[in-house]
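For reference, the structure discussed in these notes is given below.
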Amino acid sequence: MGILLDANSRVLTQGVTGKVGSYHTLRCLNYCKGRDCFVGGVNPKRGGETFEDMRIYSSVAEAKAETNANVSVLYVPPLFAAEAIIEAAQAKIKLIVCITEGIPINDMLRARTFIRNNEPDSILLGPNCPGLITPGILKVGIMPEAIHTPGRIGIVSRSGTLTYEAVAQVTEIGMGQSTAVGIGGDPINGLKHIDVLKMFNADDGTDAVIMIGEIGGDDEIVAAEWAKDHMRKPIIGFIAGMSAPEGKRMGHAGALISKSSEKADAKLGAMESAGIIVTKNPARLGITLKQSL
């Protein structure tokens with residue numbers, strides 16, 4: 001069954017006329033196989049035009065009123081992305097997926113605070129994330145769709161590349177994914193590991209979960225503490241950044257170690273204590289999953 005997306009999802013693309021937005025929207029449209037899943041684009045300066053037979057609207061509110069969209073994916077340039085997120089939330093879009101990388105932290109803090117205080121029913125995924133996919137149903141983002149297969153393994157990851165690695169391994173061992181969710185690695189973002197674990201735990205179509213984290217912050221520890229008492233399904237865990245030195249920024253903006261509890265070993269220890277089956281080798285995610293089941 002999967003989480004967050006289904007056959008009734010109706011998606012807008014904010015930034016549909018840009019090079020990145022148009023390219024990935026076309027790939028997502030092709031993945032829908034003719035179904036009415038992407039229902040419009042948004043560009044304030046090009047309302048009334050069309051893209052692949054989809055109408056382009058001047059605002060999210062206009063697009064929402066005309067199409068009854070409930071998902072929006074953003075390929076908006078960094079300096080305008082926070083306003084685009086807020087615009088989508090004001091239009092009552094249920095799921096807002098922000099792919100954009102490099103959004104200023106203060107802008108994201110403002111956008112996230114607005115959603116929490118004014119539109120708590122809107123769910124923000126990202127920014128700086130690959131998006132999400134329920135294989136065989138709908139892709140919203142930039143992931144390589146060919147490696148995904150329908151199945152019953154949920155995947156949640158801060159790292160885009162490692163999301164794809166986990167997906168490919170699960171497919172290779174003959175299993176498939178219920179939904180794969182890339183939450184992004186920025187320090188100010190929307191959905192956290194704990195939020196996605198709760199959704200997978202409640203999903204009848206998910207039997208087990210692969211959870212991939214990174215150094216920096218305590219989100220993985222918070223998720224592990226929740227899982228210890230509440231998760232009813234096996235979790236396979238991995239933390240990227242084993243060799244990262246303290247105080248040095250590595251990769252994502254959020255991957256900065258400022259205290260010992262944010263190191264990979266500390267997070268892996270917390271996950272093991274919570275009953276999560278961990279591996280220190282990302283090449284063994286699929287094998288570890290298969291053995292656990």
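The figures here come from the full heavy-atom set of this structure, side chains too, leaving out hydrogens, waters and symmetry mates. Nothing fancy with the numbering, it's 1 onward along the sequence.
For the atom pair CD1 of Ile210 and CE of Met175, the computed distance is 9.0 Å after rounding to the nearest 0.5 Å. From Ile183, atom CD1 reaches atom OG1 of Thr163 across 9.0 Å, with rounding to the nearest 0.5 Å. If you take CD1 on Ile93 and CG on Leu95, they are separated by 9.5 Å, rounding to the nearest 0.5 Å. Atom CG of residue Asp265 and atom CD1 of residue Ile239 lie 10.5 Å apart, to the nearest 0.5 angstrom. In this structure, Leu74 CG and Ile96 CD1 are separated by 7.5 Å, a value rounded to the nearest 0.5 Å. The CE atom of Met211 lies 9.5 Å from the CG atom of Asp219; values are rounded to the nearest 0.5 Å.
With hydrogens and angles disregarded, a donor-acceptor distance shorter than 3.5 Å links the side chain of Arg112 to the backbone of Asn189. At distances below 3.5 Å, not a single donor-acceptor pair connects side-chain atoms of Asp186 with backbone N or O atoms of Ile188. Between the Lys228 side chain and the Gly275 main chain, no donor and acceptor come within less than 3.5 Å of each other. Put simply, the side chain of Arg158 gets close to the backbone of Glu214: a donor and an acceptor are under 3.5 Å apart. A donor-acceptor distance shorter than 3.5 angstrom exists from the side chain of Thr67 to the backbone of Ala63, with no hydrogens or angles considered. Remark: the backbone N or O of Phe114 is not paired with any side-chain donor or acceptor of Asn117 at under 3.5 angstrom. Side-chain N or O atoms of Ser157 include one that pairs as donor or acceptor with a backbone N or O of Ser159 at under 3.5 Å. Of the possible donor and acceptor atoms, one in the side chain of Asp6 sits under 3.5 Å from a partner among the backbone N and O of Ser9.
The hydrophobic clustering, which links ILVMFWY residues whose side-chain heavy atoms are closer than 4.5 Å, places Tyr23 and Ile133 apart.
Applying the salt bridge (Lys or Arg N to Asp or Glu O under 4.0 Å) test to Arg116 and every residue at least two apart in sequence or in another chain returns nothing. Looking at residues two or more places apart in sequence or on another chain, you find no salt bridge (Lys or Arg N to Asp or Glu O under 4.0 Å) involving Lys64. Shown here are the salt bridge (Lys or Arg N to Asp or Glu O under 4.0 Å) partners of Asp207, two or more places apart in sequence or in another chain: Arg152. Partners of Gln14 by side-chain hydrogen bond (donor to acceptor under 3.5 Å, both in side chains), not counting sequence neighbours, listed by chain and number: Ser72.
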Solution key, residues 280-293 side-chain donor-acceptor pairs under 3.5 Å, sequence neighbours excluded:
unit_1	atom_1	unit_2	atom_2	d
Asn281	OD1	Ala283	N	2.9
Thr288	OG1	Arg284	O	2.6
Ser292	OG	Leu289	O	2.7

Enumerate, atom names and distances included, each donor-acceptor pair closer than 3.5 Å involving a side-chain atom of residues 39-49, sequence neighbours excluded.
unit_1	atom_1	unit_2	atom_2	d
Asn43	OD1	Lys45	N	2.9
Asn43	ND2	Thr17	OG1	2.7
Arg46	NE	Glu49	OE1	2.9
Arg46	NH2	Glu49	OE1	3.0

Indicate every side-chain donor-acceptor pair of residues 99-108 with a distance under 3.5 Å to a residue at least two apart or in another chain.
unit_1	atom_1	unit_2	atom_2	d
Thr100	OG1	Val76	N	3.4
Thr100	OG1	Val76	O	2.7

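The side-chain heavy atoms of Cys98 and Leu125, taken from C-beta on, include no pair separated by under 4.5 Å. With a 4.5 Å cut-off on side-chain heavy atoms, Leu26 and Asn30 count as touching.
Listed by first and then second residue, the side chain to side chain donor-acceptor pair (under 3.5 Å) pairs involving residues 50-59 are Arg55-Glu62 (not counting sequence neighbours). Screening residues 195-232 for ring-ring contact (aromatic ring centres under 6.0 Å, His included) gives Trp226-His230 as the qualifying pairs, with residues at least two apart or on separate chains. For the side chain to side chain donor-acceptor pair (under 3.5 Å) condition, the pairs that include at least one residue of residues 137-149, sequence neighbours left out, are Arg27-Glu145, Lys139-Glu145, Thr149-Thr171. Sorted pairs that involve residues 131-189 and meet disulfide (SG to SG under 2.5 Å), not counting sequence neighbours, are lacking altogether. Sorted by first and then second residue, the side chain to side chain donor-acceptor pair (under 3.5 Å) pairs with a member in residues 74-96 read Glu83-Arg110, Lys92-Glu119; sequence neighbours excluded.
No more than 12 heavy atoms of other residues, nucleotides or ligands shown are found within 6.0 angstrom of CZ on Phe80.
Nearest heavy atoms, Pro135 versus Tyr31: CA-OH, 3.3 Å. Counting all heavy atoms, side chain and backbone alike, Ser122 lies closest to Ala89 at OG-CA, 3.8 Å. The heavy-atom pair separating Ala224 from Ala270 by the smallest distance is CB-O, 4.0 Å. Residues Leu12 and Ala69 share a closest heavy-atom pair of CG-CB, 3.4 Å. What you find for Thr206 and Lys233 is that their closest heavy atoms are O-NZ, 2.7 Å. The two atoms that bring Gly141 and Cys28 nearest to each other are O-SG, 3.6 Å, heavy atoms only.
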Q | Test side chain to side chain contact (heavy atoms under 4.5 Å, CB included) applied to Val209 and Val156, step by step | A | CA-CA 8 Å; Val209 178; Val156 55; 4.2 Å; yes
Q. Can you list the steps and then say if Ile236 with Ile276 is a side chain to side chain contact (heavy atoms under 4.5 Å, CB included)?
A. CA-CA 6 Å; Ile236 309 303; Ile276 294 173; over 6 Å; no
Q: Show the numbers, then the answer: is there a side chain to side chain contact (heavy atoms under 4.5 Å, CB included) between Met271 and Ile277?
A: CA-CA 8 Å; Met271 291 162 72; Ile277 304 163; over 6 Å; no
Q: Decide side chain to side chain contact (heavy atoms under 4.5 Å, CB included) for Met54 and Thr25; before the verdict, give the C-alpha distance in whole Å, the side-chain angles of both, and the deciding distance to 0.1 Å.
A: CA-CA 11 Å; Met54 293 191 317; Thr25 298; 4.0 Å; yes
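For the pairing with Leu4, the side-chain contact (heavy atoms from CB on, under 4.5 Å) check across Val196, Leu191, Val71, Thr179 returns one residue only, Leu191. Of the candidates Thr134, Ile155, Ile3, Ile3 is the only one forming a side-chain contact (heavy atoms from CB on, under 4.5 Å) with Val181.
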